[in-house]
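First up is the structure itself, then whatever we jot down about it.
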2 protein chains.
Amino acid sequence: MLGRSGQRDDMELVVLSLLAESPRYGYAVSKELGVRSEGRVRLTPGVLYPLLKELESAGLIQGTWEEVRADEEGDGEGRKRKWYRVTAKGRKRMEQRLAAHRAFRALVDALVGPDTGADAGRGEASR
Amino acid sequence: MLGRSGQRDDMELVVLSLLAESPRYGYAVSKELGVRSEGRVRLTPGVLYPLLKELESAGLIQGTWEEVRADEEGDGEGRKRKWYRVTAKGRKRMEQRLAAHRAFRALVDALVGPDTGADAGRGEASR
DNA sequence: TTCGAATATATCGACTCCGGATATATCTAT
DNA sequence: ATAGATATATCCGGAGTCGATATATTCGAA
């Protein structure tokens with residue numbers, strides 16, 4: 001049908017960047033991404049958690065569970081969050097992804113011209 | 001294993017851009033992409049032809065066969081090329097992909113800072 | 001003139017990934 | 001109460017990836 005979104009590597013870059021900035025838990029990553037992209041980039045649960053899991057098992061990020069209890073009362077389990085931080089290996093991966101991203105940017109710029117806010121209509125092709 | 005490439009939408013943008021620039025046949029698209037990206041972006045047959053086919057059946061590009069004969073001699077079939085040009089619909093799609101690309105660029109810039117040639121080490125996070 | 005490399009298009013298929021739907025449980029505000 | 005947000009996680013049908021493979025023509029070098 002041609003028209004999804006699907007950019008796993010892009011997501012990897014963006015998630016690693018966010019986590020490099022400061023440790024966060026999954027849901028916060030998802031929300032923050034929504035905010036910073038002004039709603040243009042969405043990271044749904046079905047993509048987010050498998051990605052985090054994979055990043056962790058690849059040693060690129062490291063997760064720690066934290067219990068968040070609302071009231072002081074003793075026993076029952078409270079809500080849990082899993083905080084992730086980027087490892088050194090993860091930073092390296094992030095740099096790689098960033099380099100790839102910049103290379104692609106350069107290619108796009110070479111093809112359609114650098115981003116000039118207004119559309120100054122490029123020439124029509126004839127043949 | 002984490003580390004492929006796979007970016008169909010990116011390829012779509014890049015192929016549509018090339019064809020918007022001037023009509024080309026598949027092999028030429030592939031070669032030109034290699035050149036302009038300095039070898040960083042490769043579009044192999046297994047990706048190229050299915051993509052072109054899909055773009056055509058979606059009405060984004062339009063292909064025409066052209067026979068290329070080496071010598072003047074009459075009969076035998078010569079080598080054939082299929083030239084593609086972008087349709088109006090294809091241009092629209094290209095603009096959409098471009099907009100998405102620019103949105104993602106903006107997000108990355110917001111996350112890691114705009115592209116400053118040299119790496120001016122960003123601050124470490126603590127927690 | 002012959003033989004390998006480049007040109008040119010195309011399909012196959014095993015593998016991977018995507019992402020909407022779904023499930024579960026806690027917390028907050030009305 | 002209870003609806004909606006928070007928070008994590010899996011499932012699985014459908015889609016995409018890309019190396020390998022197939023076929024045929026043309027060019028250049030030995």
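Each chain gets a letter, A, B and so on, in the order its sequence line appears, and its residues count up from 1.
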| message | I need the A:L111 CG to B:L16 CG distance, nearest 0.5 Å. | response | 11.0 Å
| Stem regions touching DNA chain C, defined by at least 3 consecutive Watson-Crick or wobble G-U pairs below 3.5 angstrom | C:1-30 with D:1-30
| said: Please compare A:P50 and B:G46 by the position of their nearest nucleotide in DNA chain C and report the one closer to 5'. | reply: B:G46
| said: Can you measure A:R81 atom CZ to D:dA9 atom C1' for me and round it to whole angstrom units? | reply: 17 Å
| query | Within less than 4.0 Å of OP1 or OP2 of C:dA6, is there a side-chain N or O belonging to B:K31? | reply | no
Which donor-acceptor pairs under 3.5 Å do side chains of residues 38-53 of chain B form with protein atoms, sequence neighbours excluded?
none

| note | note: B:L51, atom CG; D:dG16, atom P; distance rounded to Å ~ 10 Å
| note | Side-chain atoms of A:R79 come closest, of C:dT11, C:dC27, C:dA8, to C:dC27
| Length of the CD-C1' vector between B:E56 and C:dA10, whole Å | 13 Å
| request: Could you state the atom-to-atom distance from NZ of B:K82 to P of D:dT25 in whole Å? | output: 19 Å
| field | Between C:dA21 (P) and A:Y49 (OH): distance, integer Å | value | 18 Å
| field | Residue whose nearest DNA chain C nucleotide is more 5′ - A:R42 or B:Y84 | value | B:Y84
| Looking at C:dT9, C:dT11, C:dG20, which one has an atom nearest to any side-chain atom of B:K53? | C:dT11
| query | Does B:E12 reach the side chain of B:R93, with side-chain heavy atoms less than 4.5 Å apart? | reply | yes
| Can you list every pair that meets ring-ring contact (aromatic ring centres under 6.0 Å, His included) and has a residue in residues 11-30 of chain A, with sequence neighbours left out? | A:Y25-A:W83
| message | Could you check whether B:R97 and B:H101, counting side-chain N and O atoms only, form a donor-acceptor pair closer than 3.5 Å? | response | no
| said: Is any side-chain heavy atom of B:S22 closer than 4.5 Å to one of B:R24? | reply: yes
| task | Round to the nearest Å and state the distance from B:L52 atom CG to C:dA10 atom P. | result | 8 Å
| said: Just N and O in the side chain of B:Y25: are any of them under 4.0 Å from OP1 or OP2 of C:dT9? | reply: no
| request: Let me know the distance between CG of A:D10 and P of C:dC17, rounded to the nearest Å. | output: 15 Å
| query | When you check the phosphate oxygens OP1 and OP2 of C:dT9, does a side-chain N or O of B:Y27 lie under 4.0 Å from one of them? | reply | no
| said: Are A:E56 and A:L60 packed together at the side-chain level, in the sense that at least one heavy-atom pair is separated by less than 4.5 angstrom? | reply: no
| request: To the nearest Å, give me how far apart CG (B:L43) and P (D:dG16) are. | output: 15 Å
